[in-house]
Amino acid sequence: MDTQTVAVLGAGTMGAGIAQVCAQAGCDVRLYDVSAAAAAKGVKRIADFLAKGVEKGKVSAAERDATLARVRTVANVSEGAAGAVLVVEAAPEELELKRKLFREVARAAPPNAVLATNTSSLPITKIAEGNAAAARIVGLHFFNPVPLMKLLEVVVGKETAAATVQAALRFGRLLGKEVIVVKDSPGFASSRLGICLGMEAIRMVEQGVASAEDIDKAMVHGYGHPMGPLRLTDVVGLDVRMAIGEHLAESLYAPQFAPPALLRRMVAEGRLGKKSGRGFYEWTE
Ligand code: CAA
């Protein structure tokens, strides 16, 4: 697949990370956000990440410069999508917003472009419903931090064509990701397992089975996880994980995903994890 130009819609943490890995793989990237300031903030995120990479000796100064030179901000969706072989949407998790974006993208992108959404919670099938380009719409679910996390879930909607899936897999491999193919079902393969573990760990704290630190140690030292489920909940945000848990409990009719009372209480008290300074751990920075 010709991967020359990639459009990334949304310059937040995920969008910036996706733009970065595409540029590092040699693509020309057009980065769009609702305001020029938001798009510029995305470029700054990339520059900061690469600067840390140079500091750590993981990225050369030449690679940093070449990567940044391949990222250009654009003022509207059409300008980004025109001529792109791949469009990746990383906008907020609102169904109507994404449906609208994909209608615009379908009009502006070349007729053979792959149109991907980075959604982690909305059904691909619903995003693509009624879209003239539904066969080319696919999920490309990246993980945070995108440049460091190897996994890429390719999520197949009801109308996604086999050729679209193949193109998405080829693209994921070009980015150096470990690609997996998942049916469009709630939580895909990753969040469905991750949230289950997280909610159970919180129930264990609630029941006094062990301290948060020791439950995390069980997974880190017993199972080789890079980070325990409670620390990860702090990093992702308790409110974010609670919302995903509610969504999965409802859509999968499965009580194991339902947020425990302790999680609800902590969120109500504003103990949201790293971003609020306190969750299962104290965060000072
Ligand atoms: N540029 C290049 N390389 C960098 C870097 C940078 N800016 N920053 C760090 N690295 C490299 C380090 O040099 C190191 O490389 P080696 O292993 O070769 O030494 C590696 O990345 C790990 O970095 P650190 O040792 O500094 O940090 P760490 O051990 O804390 O690892 C982490 C960082 C890989 C992110 C680890 O903390 C981790 O795996 N965390 C869990 C992340 C996770 O679970 N993410 C999923 C969230 S859920 C999600 O995203 C889905 C959703 O839809 C909500």
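In what follows, residues are counted from 1 in the order of the sequence shown.
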Inspect the contact between [Y] and [X] and indicate whether a charged nitrogen and a carboxylate oxygen are less than 4.0 angstrom apart.
X	Y	result
Lys98	Glu93	yes
Arg99	Glu96	yes
Glu79	Arg72	yes
Glu55	Lys52	no
Arg203	Glu206	no

Less than 3.5 Å apart, any donor N or O on the side chain of Gln20 or Thr67 sitting next to an acceptor on the other? no

Cation-pi check, Arg231 to Tyr281: give yes when NZ or CZ is under 6.0 Å from the six-membered ring centre and within 45° of the ring axis, no otherwise.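 Arg231 over Tyr281 ring: yes.
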
Going from OH on Tyr32 to OG on Ser78, what distance comes out if it is rounded to the nearest 0.5 angstrom? 9.0 Å

Above 12 or not: heavy atoms from other molecules or residues under 6.0 Å from NZ of Lys275?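 Result for NZ/Lys275: enclosed.
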
Could you tell me whether Glu178 atom CD has more than 12 heavy atoms of other residues or ligands within 6.0 Å of it?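 Atom CD in Glu178 is not crowded, with 12 or fewer foreign heavy atoms closer than 6.0 Å.
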
Can you confirm whether or not the ring centre of Tyr223 sits under 6.0 Å from the ring centre of His221? no

Checking Thr119, Leu97, Leu115 against Ile127 for side chain to side chain contact (heavy atoms under 4.5 Å, CB included), the one that qualifies is Thr119

Just so I know, are the side chains of His141 and Ser191 near enough to count as touching, which here means a heavy-atom distance under 4.5 Å?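 Yes, close enough: below the 4.5 Å cut-off.
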
Side chain to side chain donor-acceptor pair (under 3.5 Å) with Glu246: which residues, sequence neighbours excluded?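 By the side chain to side chain donor-acceptor pair (under 3.5 Å) rule, Glu246 matches Arg264.
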
